[in-house]
Amino acid sequence: MTGEDPYPPRRQVLIAEEGFSMDEAIEAVKRDDAGAVVAFIGTVRDDGIDSLHLETYKEAAEEELLAIREEALARFGLLEAVVIHRSGRLRIGDEIVIVACSAAHRREAFDGCRYILEELKRRASIWKKEVGPAGERWLEVGGDPAQARPGEERSHEERDGLEAG
Amino acid sequence: MTGEDPYPPRRQVLIAEEGFSMDEAIEAVKRDDAGAVVAFIGTVRDDGIDSLHLETYKEAAEEELLAIREEALARFGLLEAVVIHRSGRLRIGDEIVIVACSAAHRREAFDGCRYILEELKRRASIWKKEVGPAGERWLEVGGDPAQARPGEERSHEERDGLEAG
Amino acid sequence: MLIHVRAFASFREILGKEKDMDVDGGSTVGDLLDILASSHQGLGPAVFEEDGRVREYVIILRNRERIDSLEGLATVLEEGDEVAILPPVAGG
Amino acid sequence: MLIHVRAFASFREILGKEKDMDVDGGSTVGDLLDILASSHQGLGPAVFEEDGRVREYVIILRNRERIDSLEGLATVLEEGDEVAILPPVAGG
């Protein structure tokens, strides 16, 4: 198989300061040899908060997302994958993240999308702070409960439940 | 919990004669109490075919899709779900189907989306005919191999592989 | 009595998209399918197993209800009924 | 020698976003963290277990590489290094 790559590299991972287009992310992974696209979109859920502040270590997060993307391509035979994650201040309903994956068949697309999402949550340098009527609170999965404000400590299970998505 | 339903019913399932907007389908399932949206998009894969003809028994298919949707809502706790399936003649890369689901968390959204897709393939009155250089061929999963043209018989596994998505 | 017959996909190519069939009063779904099979080559083997049962992935609807949930091939037809003959589906 | 320190999220609120620290030649990552902890209340318990190890979900990077894959807290710093202190992540 020689000849030009019909799919030149695109922007594959991005920490975005502004809102992004879901359609563009999905279009970016479509290919003629793909029969399936799976997209996950995480949004800010109304948990009695006013806003969600996303802080990122942009360079490190993009580096990690690129590595996760490569792993998913190799492991699940994905044809394309795009990850866009917001930073900055978001309101209820705003999009936090999109993970869009294409594959020949549905199973790879579902499994690859899920893998990227789980690894992103675990490994990418991204932090969330809930801002609500009662004040501010960092969401730190697996973090030190002592970091939570008094009276706001929750078990890991409960804290996991707090994550959007 | 009384008061008006803040989410009035929308068009939830549709057999569409024309192309559809992925963005609109995704926007239609977003809700303030949802943190996760999963969308599956099936597209016509280039398998050496020229086009794919989709025939539907529209009334029966929409009825079945509505039933599948209700099952998924109840079983996976989905908050919203939209299914749009094309009929008519499609070319390589065209969208065949979108299944968009929202839920509080990612797991329900992934599982519910997958459930709807699998049941749709199994139960909805939709048929695909590949049109290629060698002629035409109905894709009938689990169907009678004798129905395939001579020299075109394939195992169920291989035939499953032919499905877009 | 008149029965409206609809067929889809490969069955449509054998039978035509829809037609009204005039059958005797008291006819069953099985009677109707036999009449159709005798006049349309290829329909019989496509719809029936060798033992006469409807093939696993073939669906027969009377008034948009599966005959499996009625009395199967023995379901008695009434004037104006619609019978739809569906080959194995493959959507998505 | 000057070491550039970056902190994020809850650690940034304790330490400030970034700063240059002047430490002795030959200092290790552990030495730097001890200096920071002694001058910023709350940092020590947030970064370290009681036995002095770095907490499981806390990540320390030297020049964007995890110290786990270097020599941990014993990793020796060089003039101009960047050390980043990351609390448990929670993206997605």
Side-chain angles (χ1 to χ4, degrees), chain A residues 6 20-27 29-49 52 79 90-118 120-121 128 160-165, chain B residues 6 20-27 29-49 52 79 91-118 120-121 128 157 160-165:
Chain A
F20 50 79
S21 156
M22 295 183 291
D23 241 14
E24 273 177 34
I26 292 171
E27 288 293 343
V29 302
K30 286 174 62 183
R31 293 189 9 174
D32 285 355
D33 50 352
V37 172
V38 171
F40 174 89
I41 299 115
T43 56
V44 181
R45 191 168 76 246
D46 187 354
D47 269 328
I49 62 170
L52 191 69
L79 295 170
L90 278 67
R91 303 195 158 278
I92 304 290
D94 283 351
E95 286 101 27
I96 299 170
V97 62
I98 183 165
V99 178
C101 299
S102 62
H105 302 100
R106 60 193 183 279
R107 180 195 300 250
E108 300 95 293
F110 271 109
D111 290 349
C113 184
R114 222 158 163 166
Y115 177 82
I116 292 175
L117 183 64
E118 299 301 331
L120 176 163
K121 284 175 176 284
K128 288 175 180 161
D160 282 354
L162 281 174
E163 301 169 83
Chain B
F20 50 80
S21 157
M22 296 183 291
D23 241 16
E24 272 177 34
I26 292 171
E27 288 293 341
V29 302
K30 285 175 64 181
R31 294 187 11 173
D32 284 354
D33 51 352
V37 173
V38 171
F40 174 89
I41 299 116
T43 56
V44 181
R45 191 168 75 246
D46 187 355
D47 268 331
I49 63 171
L52 191 69
L79 295 169
R91 301 195 160 277
I92 305 288
D94 283 351
E95 285 100 30
I96 298 168
V97 62
I98 184 166
V99 178
C101 299
S102 63
H105 301 102
R106 60 192 184 280
R107 182 194 299 251
E108 302 95 292
F110 271 110
D111 291 349
C113 183
R114 220 157 162 166
Y115 177 83
I116 292 176
L117 183 64
E118 299 301 330
L120 177 163
K121 285 175 175 284
K128 288 176 182 159
E157 284 70 29
D160 281 354
L162 279 175
E163 299 172 82

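We name chains A, B, ... by the order of the sequence lines, and we start the count at 1 in each one.
- Note that CG of B:Asp23 and CE of A:Met22 are 4.5 Å apart. Values are rounded to the nearest 0.5 Å.
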Could you list the donor-acceptor pairs under 3.5 angstrom formed between side-chain atoms of residues 93-102 of chain B and any protein atom two or more places apart in sequence or on another chain?
| from | atom 1 | to | atom 2 | distance (Å) |
| --- | --- | --- | --- | --- |
| B:Asp94 | OD2 | B:Arg91 | N | 2.8 |
| B:Glu95 | OE2 | A:Lys30 | NZ | 2.2 |
| B:Ser102 | OG | B:Val29 | O | 2.6 |
| B:Ser102 | OG | B:Glu80 | N | 3.2 |

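- Side-chain atoms of B:Arg45 come within 3.5 Å of backbone atoms of A:Ala104 as a donor-acceptor pair (strictly under, hydrogens ignored).
- Among residues two or more places apart in sequence or in another chain, the ring pair (Phe, Tyr, Trp, His ring centres under 6.0 Å) test is passed with A:Phe20 by none.
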Going through the checks in order, is the side chain to side chain contact (heavy atoms under 4.5 Å, CB included) test met by B:Arg114 and A:Arg106? CA-CA 9 Å; B:Arg114 220 157 162 166; A:Arg106 60 193 183 279; over 6 Å; no
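- In this structure, the portion of A:Glu118 lying under 4.5 Å from any heavy atom of chain B is its side chain and not its backbone.
- Side chains of A:Thr43 and B:Asp32 form no contact here, defined as non-hydrogen atoms less than 4.5 Å apart.
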Run the side chain to side chain contact (heavy atoms under 4.5 Å, CB included) check on B:Val38 and A:Ile41 step by step: do they pass? CA-CA 6 Å; B:Val38 171; A:Ile41 299 115; over 6 Å; no
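- By the 30° and 60° cut-offs, the orientation of the rings of B:Phe110 relative to A:Phe40 is parallel.
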Could you walk me through whether A:Asp46 and B:Asp33 pass the side chain to side chain contact (heavy atoms under 4.5 Å, CB included) test, one step at a time? CA-CA 5 Å; A:Asp46 187 354; B:Asp33 51 352; 5.6 Å; no
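- When each of B:Ala109, B:Ala103, B:Ala34 is checked for heavy-atom pairs under 4.5 Å with chain A, B:Ala34 comes out on top.
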